[in-house]
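Some notes on the structure that comes next.
Here the structure is a predicted model, which is why all the values come from computation and not from measurement.
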Amino acid sequence: MSVVGGTTRTAPRRRGVWLLNAVSAAAGIAAWWIYATTDPTVPTPPAVLSKAADLLGDGTLEADIVASLRRVLIGFALGTGLAIPVGFLMGWYTVARGLIEPWVQFFRTIPPLAIIPLAIVLMGIGETPKLFVIFLAAFLACVIATFQGVVGVDRTLINAARVLGAPTRVIFARVVVPASTPFILVGMRVGLGSSWATLVAAELIAAQEGLGYRMQSAQLYYDLPTIFVGLISIGVLGLLMDRLLLLVERRATAWQERR
C-alpha cells in the first residue's frame, strides 16, 4: 500500500515538474525571439529552425550528430569505465589511495583542454587525441565522486556486517557498492557534462565532421544560424543523455528517500 501511495503521490509531482520544464523552455525561446528582434546580428528561432532543416536535408547535421555522439559516448564510456574501479581502489585500500590520489588531484587542476597540444604531439591528429581529452574529462569527474562515495560509507554499517561474520567481499558487494552508487551516478552525470563541454575543443583537432567542427567552420563565415544549430544540438543531446542517467539513478537508488 505504501508503494502504491508513494507512486500516486509521485506521479502528479513529476507531471508538475514536466509542466514547469515546458513553461521554462517556452519562456526561454520567447525571450530569445524578443531579443533577436532588437539585435539584427542574432538569428531568430525561425531562422535557426530553417537552417537546421537545410542541414538535415543535405545530411550534414545528421553526420555531425553521429560523429559527435560517437566521440562523446566512447570517451565517456572509457572514462567512467576506468574511473569506477580506480575510485573503489582509492576508497577501499589505503595503499592505492596513497599511490593514486596525488596523480588524480594533480591532473584535476589541469583543464582537459590544456592537454590538447600535448595530445596532438604524442597521438597525432586522428581520432585518438579527440577521444583522449573527452576520456580524461569524464574520468576525472567520475573518479573523485566514486572515491568520495566509498570513503563516505557509514562505518557503523561496515562494522555491523563484520560483527555478523560477513567476509570482506560480501561487505564490499552488499554494503559499500550500494551505498556508493548514488555518488557514482552523480559523478557520471558530471562526467557526461564535462565530456560534452570538451567536445567542441576536441573537434578542433583536424576534424572533418562533428558539431564542434561545424560550429568552428561557421565562425569563419560569421554563419550565426549554423552556430546556433550546433549549440542547440549539443544542449539537447546532452540533456537527453543526462535524463537517461537520471532515470538509471532513480531505478538504482529506489531505496533512498526523496523530496
Side-chain angles (χ1 to χ4, degrees), residues 71-116 118-119 122-123 128-199 201-202 238 241-242 244-256:
R71 289 166 183 146
V72 167
L73 288 175
I74 293 175
F76 173 71
L78 292 175
T80 55
L82 180 62
I84 292 172
V86 170
F88 275 125
L89 284 174
M90 289 170 53
W92 193 248
Y93 297 105
T94 305
V95 174
R97 183 186 311 177
L99 292 174
I100 301 173
E101 186 181 13
W103 289 104
V104 171
Q105 298 296 345
F106 172 78
F107 281 104
R108 266 208 332 139
T109 62
I110 303 174
L113 303 185
I115 304 293
I116 288 179
L118 180 62
L122 295 179
M123 303 176 187
T128 303
K130 301 179 186 63
L131 296 177
F132 176 74
V133 293
I134 295 173
F135 153 83
L136 190 62
F139 172 81
L140 293 174
C142 190
V143 71
I144 292 298
T146 304
F147 166 67
Q148 288 300 129
V150 176
V151 298
V153 175
D154 191 346
R155 296 295 303 181
T156 303
L157 299 176
I158 297 176
N159 293 334
R162 292 191 192 280
V163 169
L164 293 173
T168 300
R169 61 182 178 81
V170 173
I171 295 174
F172 188 80
R174 297 293 184 87
V175 177
V176 176
V177 172
S180 304
T181 298
F183 291 86
I184 295 171
L185 291 170
V186 169
M188 291 177 68
R189 292 179 65 192
V190 175
L192 178 63
S194 299
S195 298
W196 279 108
T198 309
L199 173 71
M241 293 175 69
D242 180 77
L244 286 175
L245 278 177
L246 186 59
L247 180 62
V248 172
E249 179 184 355
R250 284 175 177 163
R251 295 290 179 86
T253 61
W255 47 270
Q256 283 188 315

What distance separates [X] [atom1] from [Y] [atom2], expressed to the nearest 0.5 Å?
X	Y	atom1	atom2	answer
Leu185	Arg189	CG	CZ	9.0 Å
Leu157	Arg155	CG	CZ	10.5 Å
Ile115	Phe135	CD1	CZ	11.5 Å
Glu101	Leu89	CD	CG	13.0 Å
Phe132	Phe139	CZ	CZ	10.0 Å
Ser180	Gln148	OG	CD	10.5 Å

Using a 4.5 Å cut-off on heavy atoms from C-beta on, say whether the side chain of [Y] contacts that of [X].
X	Y	answer
Leu118	Met123	no
Ile84	Cys142	yes
Phe172	Phe88	yes
Trp196	Val72	yes
Met241	Leu73	yes
Val150	Met90	no

Subject >> Criterion side chain to side chain contact (heavy atoms under 4.5 Å, CB included) against Leu136, the qualifying member of Ile134, Leu140, Val133 >> reply: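 Going through the options one by one, the only one that passes is Leu140.
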Original post:
Are any side-chain N or O atoms of Arg97 and backbone N or O atoms of Gly91, one a donor and one an acceptor, separated by less than 3.5 Å?
Top reply: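 Yes.
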